[in-house]
Visitor: 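Below is a structure I'd like to ask you about.
So that the names make sense, note that chain A is the first sequence line, chain B the second, and so on, each numbered from 1.
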Number of protein chains: 4
Amino acid sequence: MSGYELIKQIAEESREEMIACRRDFHKHAETGWFEMRTSSLIARKLTDLGYEVLMGEQVCDPEARMGVPSDEELEAGYERAIAQGADPELVKNTRGGKTGVIGILRCGEGPTVAMRFDIDALGVFESDEADHKPAAEGFASVNYGSMHACGHDGHATIGLGVAKALMAVKEQLHGTIRLIFQPAEEGVRGAKGIVEKGHLDNVDYFLSGHLSGGPQSQFVANSYGALATCKYDAVYHGVAAHAGGSPDSGKNAMLAACTAVLNLQAIPRHGAGATRINVGRLVAGSGRNVICDEAKLELEVRGATADLNEYMSQYAERVLKAAGDMHDCPVDIKLMGSAIPLRSDPEFALQLRQIAEEKMGLVHNTKETFESKGSEDVSYMMKRVQEQGGKAVFMRLMTPMYGAAHNRRYDFGEDVLVMGVKLYAGCTLGLLGK
Amino acid sequence: MSGYELIKQIAEESREEMIACRRDFHKHAETGWFEMRTSSLIARKLTDLGYEVLMGEQVCDPEARMGVPSDEELEAGYERAIAQGADPELVKNTRGGKTGVIGILRCGEGPTVAMRFDIDALGVFESDEADHKPAAEGFASVNYGSMHACGHDGHATIGLGVAKALMAVKEQLHGTIRLIFQPAEEGVRGAKGIVEKGHLDNVDYFLSGHLSGGPQSQFVANSYGALATCKYDAVYHGVAAHAGGSPDSGKNAMLAACTAVLNLQAIPRHGAGATRINVGRLVAGSGRNVICDEAKLELEVRGATADLNEYMSQYAERVLKAAGDMHDCPVDIKLMGSAIPLRSDPEFALQLRQIAEEKMGLVHNTKETFESKGSEDVSYMMKRVQEQGGKAVFMRLMTPMYGAAHNRRYDFGEDVLVMGVKLYAGCTLGLLGK
Amino acid sequence: MSGYELIKQIAEESREEMIACRRDFHKHAETGWFEMRTSSLIARKLTDLGYEVLMGEQVCDPEARMGVPSDEELEAGYERAIAQGADPELVKNTRGGKTGVIGILRCGEGPTVAMRFDIDALGVFESDEADHKPAAEGFASVNYGSMHACGHDGHATIGLGVAKALMAVKEQLHGTIRLIFQPAEEGVRGAKGIVEKGHLDNVDYFLSGHLSGGPQSQFVANSYGALATCKYDAVYHGVAAHAGGSPDSGKNAMLAACTAVLNLQAIPRHGAGATRINVGRLVAGSGRNVICDEAKLELEVRGATADLNEYMSQYAERVLKAAGDMHDCPVDIKLMGSAIPLRSDPEFALQLRQIAEEKMGLVHNTKETFESKGSEDVSYMMKRVQEQGGKAVFMRLMTPMYGAAHNRRYDFGEDVLVMGVKLYAGCTLGLLGK
Amino acid sequence: MSGYELIKQIAEESREEMIACRRDFHKHAETGWFEMRTSSLIARKLTDLGYEVLMGEQVCDPEARMGVPSDEELEAGYERAIAQGADPELVKNTRGGKTGVIGILRCGEGPTVAMRFDIDALGVFESDEADHKPAAEGFASVNYGSMHACGHDGHATIGLGVAKALMAVKEQLHGTIRLIFQPAEEGVRGAKGIVEKGHLDNVDYFLSGHLSGGPQSQFVANSYGALATCKYDAVYHGVAAHAGGSPDSGKNAMLAACTAVLNLQAIPRHGAGATRINVGRLVAGSGRNVICDEAKLELEVRGATADLNEYMSQYAERVLKAAGDMHDCPVDIKLMGSAIPLRSDPEFALQLRQIAEEKMGLVHNTKETFESKGSEDVSYMMKRVQEQGGKAVFMRLMTPMYGAAHNRRYDFGEDVLVMGVKLYAGCTLGLLGK
């Protein structure tokens with residue numbers, strides 16, 4: 001049997017196992033930097049398959065992580081992971097939010113193929129309605145306020161299926177395979193630290209993708225777009241005082257915050273293309289009759305290019321700082337996440353499409369390309385690969401969807417898991433086959 | 001024994017009983033409109049003493065209450081009251097936040113004396129430090145987040161002591177006595193509804209007061225001042241949208257709120273005297289990348305006179321509304337409390353001082369008058385009495401204090417309870433004695 | 001001689017006459033609605049050539065004019081026009097700013113061709129430097145503060161040359177020709193009123209264009225683009241008061257204006273494309289110690305489409321109004337100008353290009369199309385023609401330029417005048433030739 | 001004849017001369033730092049009377065002057081002064097705005113009495129209505145836009161009458177007299193520089209005052225009050241850009257200015273007393289479609305005490321600067337004037353009242369004291385005198401008024417000139433009489 005046929009067979013045979021795996025991840029959804037149970041189970045399986053496995057600080061420099069929860073929260077998450085069946089040994093590597101796993105398969109001399117599978121959940125309260133399948137079939141999230149509402153449970157599962165399939169055709173491959181299971185993609189917080197650790201250096205081919213609503217098990221090889229973005233938290237520190245007796249003796253952090261909000265929103269539009277700004281959340285003050293002593297803003301800027309995003313970021317930081325100076329309330333600004341636009345290499349996408357169609361029998365969607373909305377920090381990985389002369393794609397794996405992404409009723413057609421294994425593993429064989 | 005001597009004796013003999021009563025109230029602190037246990041126990045004692053007792057809607061029109069918690073919260077408070085030993089029968093009258101009690105003693109023809117004792121706690125988390133006496137001696141609040149940090153547990157206890165003492169000298173009195181146990185003074189929410197119910201009509205003499213830091217058991221008969229105030233909650237209703245994809249399809253409630261905050265703060269100063277404005281709390285938005293769909297402001301205005309407060313109120317309401325119009329986010333504005341300045345009648349204060357000094361042997365502080373800070377809604381009661389030709393005072397009852405008022409370590413010297421009974425009951429005898 | 005050859009010959013022979021005409025217009029530059037001398041001289045020449053001539057209210061409904069100066073200013077402009085050599089009879093039709101001229105040539109049954117030539121100057125102070133040719137050669141503007149810094153003196157001159165040339169080939173034409181000399185294009189104020197008067201109804205072919213920097217006498221047939229725009233003046237009416245004694249008795253128009261400026265600038269970006277907002281000028285208040293009683297804003301919004309411009313306009317009007325409500329300062333908002341994007345019919349542009357190249361020997365620039373920046377209210381004329389099934393183009397007539405458009409040192413190479421006549425008249429013959 | 005009688009006689013005999021003098025000053029009104037004609041004529045008269053005279057830099061350090069016009073304006077004012085009959089020699093000392101005069105009379109050993117008479121006009125366009133007396137009688141200001149609308153023409157005239165009267169009783173005096181004719185009181189710009197020059201050092205008694213509406217020729221010896229104030233001009237420097245094409249390449253000074261205005265107005269009220277803030281004038285931007293490159297604010301802060309004024313000044317400067325930082329538009333802030341509250345010494349006022357009533361037969365108004373509104377920079381002179389142990393008063397000289405102060409129809413009853421001489425000269429004799 002040819003390698004391609006073997007991959008197809010393994011993918012099909014793994015259907016039930018993968019569905020079970022995806023539902024287990026779904027039920028025990030873990031948000032960014034909390035994916036300690038998830039990471040431990042991925043690492044266990046990779047190890048068992050025979051992969052060389054990296055965990056903890058080997059994957060991502062702890063200092064390079066963005067938007068990391070507090071130590072207390074992480075510790076509680078660690079305990080929960082253990083209680084919910086994490087691998088008792090391997091989970092230790094993840095303590096303190098050091099999540100993410102890399103599996104490496106070395107097959108002698110040859111090019112390097114890297115793949116990215118993101119594994120984190122969202123801060124969403126999953127629906128318990130009877131017509132929401134995860135609820136009906138008992139795999140809705142038991143972690144209240146954490147939900148796989150963007151399909152990363154599927155991505156992680158596909159990654160493990162790919163690991164199994166590639167190991168089965170190992171003898172037919174030459175070169176090196178890196179399977180990157182990335183934490184904290186939501187909030188675009190996790191990719192950059194992995195890039196900085198060097199895991200995208202010397203990569204010849206890079207594959208990544210995302211589930212997407214569409215006809216069951218079709219794919220688009222060339223997805224692009226998404227706005228560059230930076231996410232910030234800003235906290236103004238004022239001084240409380242009695243609002244009736246001595247308003248002058250306070251330092252009013254709310255005035256600083258509201259001046260910032262209006263002036264952030266008023267950052268001039270840019271002649272070169274689209275920009276965005278949003279302060280999505282503002283919490284300020286303690287009581288009605290107390291001068292506000294602390295105000296926290298959660299905001300993001302975006303731009304159609306990295307330069308436009310940079311224009312917005314610099315202006316926003318200047319506004320944030322000056323608003324604090326104005327009311328004598330120092331501000332702490334913290335970068336919570338960032339991403340740049342996606343650009344798939346078109347010839348490489350075409351090459352993969354041909355492999356997938358001809359060798360694997362997969363169906364390409366009628367759309368030649370697919371414009372991504374929102375932001376994706378795999379963009380940093382792609383950029384590093386491309387800067388060093390490698391080729392990269394971001395693909396779309398289509399399947400029927402129930403409820404919009406990020407919605408509490410989100411779910412997807414699980415057949416796509418099988419197709420995903422065929423797509424990634426088949427393309428890899430096409431690239432590294434002897 | 002003269003009536004005055006009898007009062008003194010009863011006050012002294014009640015010392016331990018009053019301390020126990022105060023500590024019980026302290027331990028089971030109930031914030032505004034939750035004083036269901038407290039009201040039931042006050043009503044029980046007044047009934048047992050032989051007073052005619054009003055409760056529930058007889059005290060305060062439910063519609064006239066300001067800043068009332070949600071039905072769910074009130075129901076939970078009702079269940080807690082029962083669980084913590086409320087009078088099982090009388091507490092029923094308070095269900096739904098219908099708190100407050102009035103005790104009436106009729107002694108034939110003669111003038112009417114009314115007194116106000118406020119009974120509610122604050123939304124403060126009481127200290128559990130070993131050097132905080134309520135914690136050390138086991139009467140710190142068991143209701144987490146509710147604390148008698150302003151001495152109203154003392155006020156309520158004094159009111160009950162006064163009830164006992166006056167009943168003992170009933171035969172020496174002519175006229176009518178109304179003991180008003182007011183709910184929800186904090187936030188200045190409770191007095192106005194009692195006034196509107198008519199309980200301050202046809203009152204010849206009105207006595208009220210507040211514990212105050214100073215030499216043990218001294219008093220000041222003439223306290224005045226405090227700023228007129230209105231408290232508001234304002235909620236802007238916007239529409240959420242994805243901040244990257246279609247910011248235009250949202251309606252940004254945070255822009256409305258921040259515009260309101262700046263312009264509220266910018267309401268022009270008034271040539272006729274002091275004004276104040278404070279937005280003490282602002283909570284807006286859900287997530288970083290979502291156009292903010294709701295923003296809530298908690299604010300207050302103040303003025304040195306009722307007119308100045310009215311100027312601020314009207315301007316503030318205009319600003320709040322227009323900021324909503326500007327961003328197409330309708331606003332709900334709710335009056336959460338209000339008060340006017342205090343003015344004691346100076347001759348009446350002098351008359352009471354003479355009774356207290358000469359008949360009861362109490363010590364007036366060296367200060368002739370005492371300027372009140374903050375706001376007090378007993379001001380509405382005093383104004384109604386004064387408008388109808390009656391006389392009114394707001395007094396200061398001094399005692400050593402530990403920790404500032406409204407602080408989580410607040411406590412006061414309990415000897416003042418005895419003095420308080422002498423002061424109120426002695427003065428009443430002086431006014432109504434045959 | 002063929003008609004085309006005759007047109008070429010007339011154009012070449014008119015070179016000196018046209019240069020003189022252009023310099024006369026340049027020297028007596030008149031800004032929007034002041035083009036009374038200019039209009040009278042155009043009407044005189046059209047009349048002398050034998051055209052049916054419309055002036056005054058026949059051209060544009062006075063009520064439909066936007067951004068009209070005050071009666072006093074217009075009257076002074078009228079007197080200046082007479083003093084500077086306006087046609088003494090015809091100028092009377094323009095009194096009160098009723099400028100603009102339409103010349104009609106009827107050649108029996110056939111299609112209707114309309115052309116637009118704009119005739120107004122800008123509010124710019126022309127350079128008197130020795131190396132500025134109009135200054136050096138004595139035709140710099142004698143009307144201080146008015147200058148043809150955008151080439152409309154050339155447009156008007158070309159229009160008259162076209163009138164002469166077409167009259168010469170009249171016998172070879174069938175159909176009707178309308179030569180529209182439009183006032184007040186700067187500020188996009190004049191076209192809409194002419195459209196509303198019906199002069200663009202039942203037009204089969206519409207030609208218009210603008211001088212543009214480039215190789216001498218080349219043209220581009222298909223120019224498109226420009227942002228839709230609305231221009232507004234907004235005046236807030238407050239009440240003055242002494243800022244020290246009684247700031248409360250004023251109504252502060254500056255607070256309204258500044259709140260408006262910030263919130264206008266903060267109008268959310270639109271997901272569907274580019275938008276713009278600018279408050280370019282703000283004048284508020286009288287003296288330092290007086291509450292500001294009047295504030296005037298001059299602003300504009302823009303959008304990549306008419307819908308996006310409408311989004312901005314509606315939001316801006318809401319902001320302007322609400323800011324006035326907020327500080328009790330009513331606002332008067334006046335539309336001072338507007339335009340929509342330009343769209344040339346590509347097949348029609350191609351047809352004209354072929355006529356110009358093949359019949360007239362003109363040279364098309366290497367650019368196939370030319371994207372317009374800024375705004376042009378000929379867009380309203382084109383839209384009306386296109387809505388009724390006619391074809392329209394906006395062309396670029398290239399010539400070397402000295403100094404940027406709208407700059408005080410602007411000038412252009414006059415050879416383009418000859419080319420312009422060939423282009424417009426030749427194309428007309430191509431469209432209407434028997 | 002006693003000295004007091006002699007003063008009375010001289011005052012009465014000077015009536016017509018003083019009216020003529022006042023009308024001459026009125027007709028040739030000169031605003032702050034332009035009082036070059038006025039100063040030269042005062043100096044001429046003082047010299048002729050035999051006073052030692054200081055002018056130019058001897059009076060006020062040029063660097064210490066605030067709110068000085070441009071050199072061009074001052075030079076034009078100098079030429080006007082000469083053309084309007086300034087003293088040809090003495091006016092030279094005032095060139096460049098070095099206005100103000102001090103006359104000194106030394107009468108041997110004894111205390112020093114200083115008096116302040118302010119001499120500048122306001123930037124007001126005087127009424128030419130027939131019922132406005134200066135217009136009807138031909139002494140309305142010929143300097144369009146400058147008008148004595150606050151009575152300083154009267155103050156200067158009284159000062160000269162006092163000089164004449166005191167010289168007549170010179171033999172009866174011991175000590176030293178300093179008559180200070182102060183420039184630029186409007187805008188509170190001139191006094192501080194004179195104080196810094198030392199002219200208020202070693203003064204035992206200081207007299208000053210102001211005309212005031214009231215019964216003819218009554219006075220109030222003890223006037224006090226006025227708010228402390230600072231006046232600022234602030235100019236933001238941005239960068240212009242095309243608002244449609246590249247709004248991002250500009251730096252928007254109007255955003256900085258409007259943010260400053262809102263936040264200045266929002267400076268928190270002070271618990272210790274009254275504060276004021278006003279931005280009275282804002283001019284920003286050039287054209288509708290150009291990003292605003294310059295914005296100028298004229299503002300003032302005030303406070304009931306010097307400390308409160310300082311609180312406002314510091315906060316305002318911080319707001320102004322931070323608003324510029326926010327939009328990258330540096331700001332130039334210039335102090336244009338300042339004053340502190342007035343405080344007359346009550347015993348000294350009483351002493352003067354007794355002299356005026358008993359020796360001079362003048363009538364004190366029924367008001368014991370008079371609260372000043374607005375601001376007066378004589379406050380700096382009084383403070384210096386009082387700090388060194390001297391006594392100071394600010395008095396009110398009453399007379400019927402027609403039209404409010406600072407109004408274009410302002411005028412006053414001229415009989416007060418005679419009374420003014422009696423008041424100042426009589427009191428000086430009372431203080432320094434042998």
Visitor: Let me confirm one number: the SG-CG distance from B:C258 to A:L264, rounded to the nearest 0.5 Å.
Guide: 9.5 Å

Visitor: Given a strict heavy-atom distance threshold of 4.5 Å, which part of B:V279 is in contact with chain A: side chain, backbone, both, or neither?
Guide: both

Visitor: Report which part of B:L227 has an atom under 4.5 Å of a heavy atom belonging to chain A: side chain, backbone, both, or neither.
Guide: side chain

Visitor: Let's test your reading of the structure: which of B:I277, B:L282, B:V283, B:L255 forms the most heavy-atom pairs below 4.5 Å with chain A?
Guide: B:L282

Visitor: Tell me the salt bridge (charged side-chain N to carboxylate O under 4.0 Å, His left out) pairs involving residues 253-266 of chain A, sequence neighbours left out?
Guide: none

Visitor: Compare every heavy atom of A:C292 with every heavy atom of B:G280, then report the nearest pair and how far apart it is.
Guide: O-CB, 4.4 Å

Visitor: Please tabulate the donor-acceptor pairs under 3.5 angstrom that span chain A and chain B, backbone and side chains included.
Guide:
unit_1, atom_1, unit_2, atom_2, d
A:Y232, O, B:R288, NH1, 2.6
A:D233, OD1, B:R288, NH1, 3.1
A:D233, OD1, B:R288, NH2, 3.0
A:G244, O, B:R276, NE, 2.7
A:R276, NE, B:G244, O, 2.7
A:N278, ND2, B:R288, O, 3.0
A:N278, ND2, B:V290, O, 2.9
A:G280, O, B:S286, N, 3.4
A:R281, NH1, B:G285, O, 2.5
A:L282, N, B:A284, O, 2.9
A:L282, O, B:A284, N, 2.8
A:A284, N, B:L282, O, 2.8
A:A284, O, B:L282, N, 2.9
A:G285, O, B:R281, NH1, 2.6
A:S286, N, B:G280, O, 3.4
A:R288, O, B:N278, ND2, 3.0
A:R288, NH1, B:Y232, O, 2.5
A:R288, NH1, B:D233, OD1, 3.1
A:R288, NH1, B:L299, O, 3.1
A:R288, NH2, B:D233, OD1, 3.0
A:V290, O, B:N278, ND2, 3.0
A:L299, O, B:R288, NH1, 3.1

Visitor: What pairs meet the ring-ring contact (aromatic ring centres under 6.0 Å, His included) rule with one or both residues in residues 247-269 of chain A, with sequence neighbours excluded?
Guide: none

